[in-house]
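Presented below is the structure to which this report refers.
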Amino acid sequence: MSVQTDRLEELGQELGEAIAETDEYEAFEEAKAAVEADDEVQEKISAFHDLRDQFMHARQTGNATEADLREVQSAQEELHAMPKMAEFLDAQEELQNRLEAINEAISDPLAVDFGGEAGGCCND
């Protein structure tokens, strides 16, 4: 590896460490831990995943109904309304916003969007 490549990797490591020290990352980790430690939330997540999987299977076989879709949506709304889950989702969104801002700061001088949303040279 070249010295320049080594330095870029070092800067990447420093950036990762700096991100881990942000309020957004810390809030995300705390909210994630709270969700993981809450048995009631974990049961709701499991039930939602089971229901969603059943719906996806029914959709693939052509047996899904609008009522099935509404049931999945209702279960998701119930899950997201749980205070710890709502806090987790808010923290996740805040972290995502921070990471997008960092991506833009990296991409701007290069005229490249590493998130894949820019038109770039070859997307017609």
Side-chain angles (χ1 to χ4, degrees):
M1 271 189 219
S2 72
V3 173
Q4 185 176 9
T5 302
D6 289 345
R7 178 65 182 135
L8 290 174
E9 289 178 5
E10 182 181 316
L11 287 170
Q13 181 70 31
E14 290 174 20
L15 177 59
E17 291 169 2
I19 290 169
E21 293 175 5
T22 63
D23 291 341
E24 293 88 351
Y25 184 79
E26 290 175 8
F28 171 78
E29 284 296 319
E30 288 175 16
K32 179 181 170 196
V35 163
E36 290 173 347
D38 188 307
D39 291 338
E40 182 182 1
V41 174
Q42 289 301 306
E43 287 174 19
K44 279 274 195 209
I45 290 171
S46 181
F48 169 72
H49 285 170
D50 289 346
L51 187 61
R52 184 190 61 196
D53 290 346
Q54 291 169 12
F55 173 76
M56 296 300 286
H57 179 72
R59 190 169 79 177
Q60 289 174 349
T61 60
N63 296 321
T65 65
E66 281 296 316
D68 294 334
L69 176 60
R70 284 191 299 274
E71 185 179 4
V72 170
Q73 290 170 334
S74 177
Q76 183 178 34
E77 289 171 7
E78 265 185 50
L79 174 62
H80 290 187
M82 297 181 81
K84 288 181 183 173
M85 192 66 185
E87 186 177 322
F88 169 75
L89 294 170
D90 289 343
Q92 185 178 40
E93 183 178 359
E94 290 297 319
L95 178 59
Q96 175 100 23
N97 290 340
R98 172 63 78 148
L99 293 175
E100 286 174 11
I102 293 167
N103 177 46
E104 288 177 20
I106 293 169
S107 299
D108 282 348
L110 304 174
V112 174
D113 180 358
F114 291 109
E117 295 180 19
C121 72
C122 308
N123 295 338
D124 296 338

message = Under the rule for salt bridge (Lys or Arg N to Asp or Glu O under 4.0 Å), what residues qualify as partners of E24, not counting sequence neighbours?
response = R98

message = If the condition is salt bridge (Lys or Arg N to Asp or Glu O under 4.0 Å), which residues does E14 pass it with, not counting sequence neighbours?
response = R7

Interatomic distance, L95 atom CG to I102 atom CD1 [nearest 0.5 angstrom] = 8.0 Å

By side chain to side chain contact (heavy atoms under 4.5 Å, CB included) - contacts of Q92 (at least two apart) = F28, F88, L89

Taking only distance into account, with no hydrogens and no angle test, what donor-acceptor pairs under 3.5 Å do side-chain atoms of residues 33-42 form with protein atoms, sequence neighbours excluded?
from: D38; atom 1: OD1; to: E40; atom 2: N; distance (Å): 2.9
from: D38; atom 1: OD1; to: V41; atom 2: N; distance (Å): 3.0
from: D38; atom 1: OD2; to: K84; atom 2: NZ; distance (Å): 3.1
from: Q42; atom 1: NE2; to: V35; atom 2: O; distance (Å): 2.9

ask   = How long is the span from the CE atom in M56 to the CG atom in L51, to the nearest 0.5 Å?
value = 12.0 Å

note = Sorted by chain and residue number, the side-chain hydrogen bond (donor to acceptor under 3.5 Å, both in side chains) partners of E17 (sequence neighbours excluded) come out as Q13

Flag if over 12 foreign heavy atoms under 6.0 Å of CD, E10 = yes

request  = Only pairs at least two apart or in different chains count here, so list each ring pair (Phe, Tyr, Trp, His ring centres under 6.0 Å) that has a residue in residues 58-84.
outcome  = none

Pairs where residues 40-62 contributes a residue and the test ring pair (Phe, Tyr, Trp, His ring centres under 6.0 Å) is met, not counting sequence neighbours = none

key: Side-chain H-bond candidate by donor/acceptor type, Y25 with E29, under 3.5 Å   = yes

message = Tell me every residue that passes side-chain hydrogen bond (donor to acceptor under 3.5 Å, both in side chains) with E94, counting only those two or more places apart in sequence or in another chain.
response = none

remark   = Residues at least two apart in sequence or cross-chain that pass salt bridge (Lys or Arg N to Asp or Glu O under 4.0 Å) with R52, listed by chain then number, are none

query = Tell me, which pairs form a salt bridge (charged side-chain N to carboxylate O under 4.0 Å, His left out) where one or both residues lie in residues 68-77, sequence neighbours left out?
reply = none

remark   = Separation between OG (S74) and CG (L79), nearest 0.5 Å, reads 11.0 Å

task = Taking side-chain hydrogen bond (donor to acceptor under 3.5 Å, both in side chains) as the test, write out the residues that go with R59, two or more places apart.
result = none

ask   = Would you say the side chain of Q96 lies within less than 4.5 Å of the side chain of L99, judging by non-hydrogen atoms?
value = no

query = How would you list, by chain and number, every residue that makes a side-chain hydrogen bond (donor to acceptor under 3.5 Å, both in side chains) with E78, sequence neighbours excluded?
reply = K44

task = Write down the atom of T61, the atom of N63, and the distance for their closest heavy-atom approach.
result = OG1-ND2, 3.1 Å

ask   = What's the spacing between M82 CE and E87 CD if we round to 0.5 Å?
value = 13.0 Å

